[in-house]
Amino acid sequence: MFSIGDFARHGRVSVRMLRHYDALGLLRPARVDPATGYRSYTAGQLARLNRIVALKDLGFTLEQVATLLAEEVPVERVRGMLDLRRAELAAAVAETAAKLAQVEARLRTIEDEGRAPAYDVVVKELPATRVVELTGVAAGFAPETIGPVVRPLCAELGRRLPAADVTPAGRLTCYYEQRAEDEVVVHAAIPASVGPGDLNGLGVADLPATRAATLVHRGAIDGVLPSWQAVVRWIEEHGHRSAGAQRELYLDCPADPAGWVTELQEPIG
């Protein structure tokens, strides 16, 4: 048998927590010395301790843990719950990282105020282009609302192209149309020479020829805000006005988002 201190060390918990589990009836000592009150545990009790800690870390209350232990939940079910919790935590970490990236992007725009422009804006004539596309609706242009719409659309577009027998004739482009005050139609599109017919649920659209102010953004798309605002400032400073849906042409998208290269295209009049 092990003393409460040794058992706590082997189970990677505190002595205080073991006493608490004992008080709740979750994990009774294998033996309590009647004279001294010292608690002793066996190695076999580590299995129950592991279940208690795992279920608690999954977010269950200790009362719920007691119920689950009484029902003798199979280890496979515990593993399934642990996997689910892991996925939830990973999603939370990703969301926090995205929010941090947006804060950093805002800070960069503030730091750039009053400085000489560090961006090269080029005016281009964009030809008329037929695209196949998928569309969705976002509740505004805020990153936390538009990002969860854009990413699944692009992924689904890529999955549908082979079954539609569509051969891309250019690079992935996303463009955005503001339909209402707080509603944005998001288009994930790719150029293709197609006619009428079944395109596996893909829509067909013709992007008009336009003159656009363009800027190459290098880095994760989550940090695109300073680049877009640089384009807007350039448009105003040079006496132009916005004249169409913003476009993002993805020139290079390696596995590491820090290496992405995206051309921002703002139609001007």
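Bear in mind the structure is a predicted one, so any value in this text is a computation, not a measurement.
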Handout entry: Side chain T173, main chain A189, donor-acceptor under 3.5 Å
Key = no

Practice task
Would you check if T262 and V224 make a side-chain contact, meaning some heavy-atom pair closer than 4.5 Å?
Solution key: no

Exercise for the section: Flag yes if L199 and L161 sit in one hydrophobic cluster, no otherwise; membership is Ile, Leu, Val, Met, Phe, Trp, Tyr, and two members link when side-chain heavy atoms are under 4.5 Å apart. Expected result: yes

Practice task
Report the distance from atom CD1 of I221 to atom CG of L264, rounding to the nearest 0.5 Å.
Solution key: 6.5 Å

Handout entry: Check: F7 and R39 side chains under 4.5 Å, non-hydrogen atoms
Key = no

Practice task
Would you confirm whether W260, through its side chain, and P254, through its main-chain N or O, come within 3.5 Å as a donor-acceptor pair?
Solution key: yes

Handout entry: Minimum side-chain heavy-atom gap V137-R179 below 4.5 Å
Key = yes

Handout entry: Spacing of CG belonging to L58 relative to CD belonging to Q64, to within rounding of 0.5 Å
Key = 11.0 Å

Exercise for the section: Could you check if a side-chain atom of R247 sits within less than 4.5 angstrom of a side-chain atom of L207, using non-hydrogen atoms only? Expected result: yes

Exercise for the section: Would you check if P29 and D22 make a side-chain contact, meaning some heavy-atom pair closer than 4.5 Å? Expected result: yes

Handout entry: Plane angle bin for Y175 and H187 - parallel if under 30°, tilted between 30 and 60°, otherwise perpendicular
Key = parallel

Handout entry: Same apolar cluster: M17 and L24, side chain cutoff 4.5 Å
Key = yes

Practice task
State the CG-CZ distance between L46 and R51, to the nearest 0.5 angstrom.
Solution key: 13.5 Å

Completion exercise
One should read off an interatomic distance between L126 CG and T214 OG1, to the nearest 0.5 angstrom, of 7.5 Å

Problem - Residues, nucleotides or ligands: over 12 heavy atoms within 6.0 Å of R86 CZ - result: yes

Exercise for the section: Quick one: sort the F141 and Y176 rings into parallel, tilted or perpendicular, breaks at 30° and 60°. Expected result: perpendicular

Exercise for the section: For the residue pair H240 and W234, categorise the inter-ring angle as parallel (less than 30°), tilted (30 to 60°) or perpendicular (more than 60°). Expected result: parallel

Handout entry: Check: V123 main-chain N/O paired with R211 side-chain donor or acceptor under 3.5 Å
Key = no

Handout entry: Steps toward side chain to side chain contact (heavy atoms under 4.5 Å, CB included) verdict (T210, Q265)
Key = CA-CA 10 Å; T210 188; Q265 302 172 340; over 6 Å; no

Handout entry: Side-chain donor or acceptor of T129 paired with backbone N/O of P127 under 3.5 Å
Key = yes

Handout entry: Whether Q45 side chain and T42 backbone form a donor-acceptor pair below 3.5 Å
Key = yes

Exercise for the section: Verify the cluster assignment for L251 and I190: are they in a single hydrophobic cluster under the rule of side-chain heavy atoms below 4.5 Å apart? Expected result: no

Practice task
Determine the minimum heavy-atom distance between C174 and A188, stating which atoms define it.
Solution key: SG-CA, 4.2 Å

Exercise for the section: State, with a plain yes or no, whether a side-chain heavy atom of E236 is found less than 4.5 Å away from one of V232. Expected result: no

Handout entry: Beyond-backbone contact of L18 with Y41, side-chain heavy atoms, under 4.5 angstrom
Key = yes

Practice task
Kindly indicate whether the side chain of V53, heavy atoms from C-beta on, has any atom under 4.5 Å from the side chain of R12.
Solution key: no

Practice task
Taking all heavy atoms of A164 and all of L202, pick out the closest pair and write down the distance.
Solution key: CB-CD1, 4.2 Å

Exercise for the section: Compare every heavy atom of L134 with every heavy atom of L157, then report the nearest pair and how far apart it is. Expected result: N-CD1, 3.5 Å

Problem - Reference residue E263; test side chain to side chain donor-acceptor pair (under 3.5 Å); the match among K124, R171, H217 - result: K124

Handout entry: Common cluster, V231/I268, ILVMFWY with side-chain heavy-atom separation under 4.5 Å
Key = yes

Practice task
Could you tell me whether R233 and E237 have a side-chain N and a carboxylate O separated by less than 4.0 Å?
Solution key: no

Fill in the blank from the handout: Closest non-hydrogen contact found for A245 with P267 is O-CD, 3.3 Å

Exercise for the section: State whether the side chain of R160 and the backbone N or O of N200 hold a donor-acceptor pair below 3.5 Å, judged by distance alone. Expected result: yes

Practice task
Provide the closest heavy-atom pair for S14 versus A8 in the form atom of the first, atom of the second, distance.
Solution key: C-CB, 4.0 Å

Practice task
Nearest 0.5 Å please: distance from the CG atom of L55 over to the OG1 atom of T61.
Solution key: 10.5 Å

Problem - Minimum heavy-atom distance I235-R241, with the two atoms named - result: CG2-N, 3.8 Å

Problem - Within 6.0 Å of CG in D165, more than 12 heavy atoms from elsewhere - result: no

Handout entry: Under 3.5 Å: donor-acceptor pair, side chain of T145, backbone of G140
Key = yes

Practice task
State plainly whether one hydrophobic cluster holds both L68 and Y21, where clusters connect Ile, Leu, Val, Met, Phe, Trp and Tyr through side-chain heavy atoms under 4.5 angstrom apart.
Solution key: yes

Handout entry: Expected output: side-chain R48 to main-chain L26 donor-acceptor under 3.5 Å
Key = yes

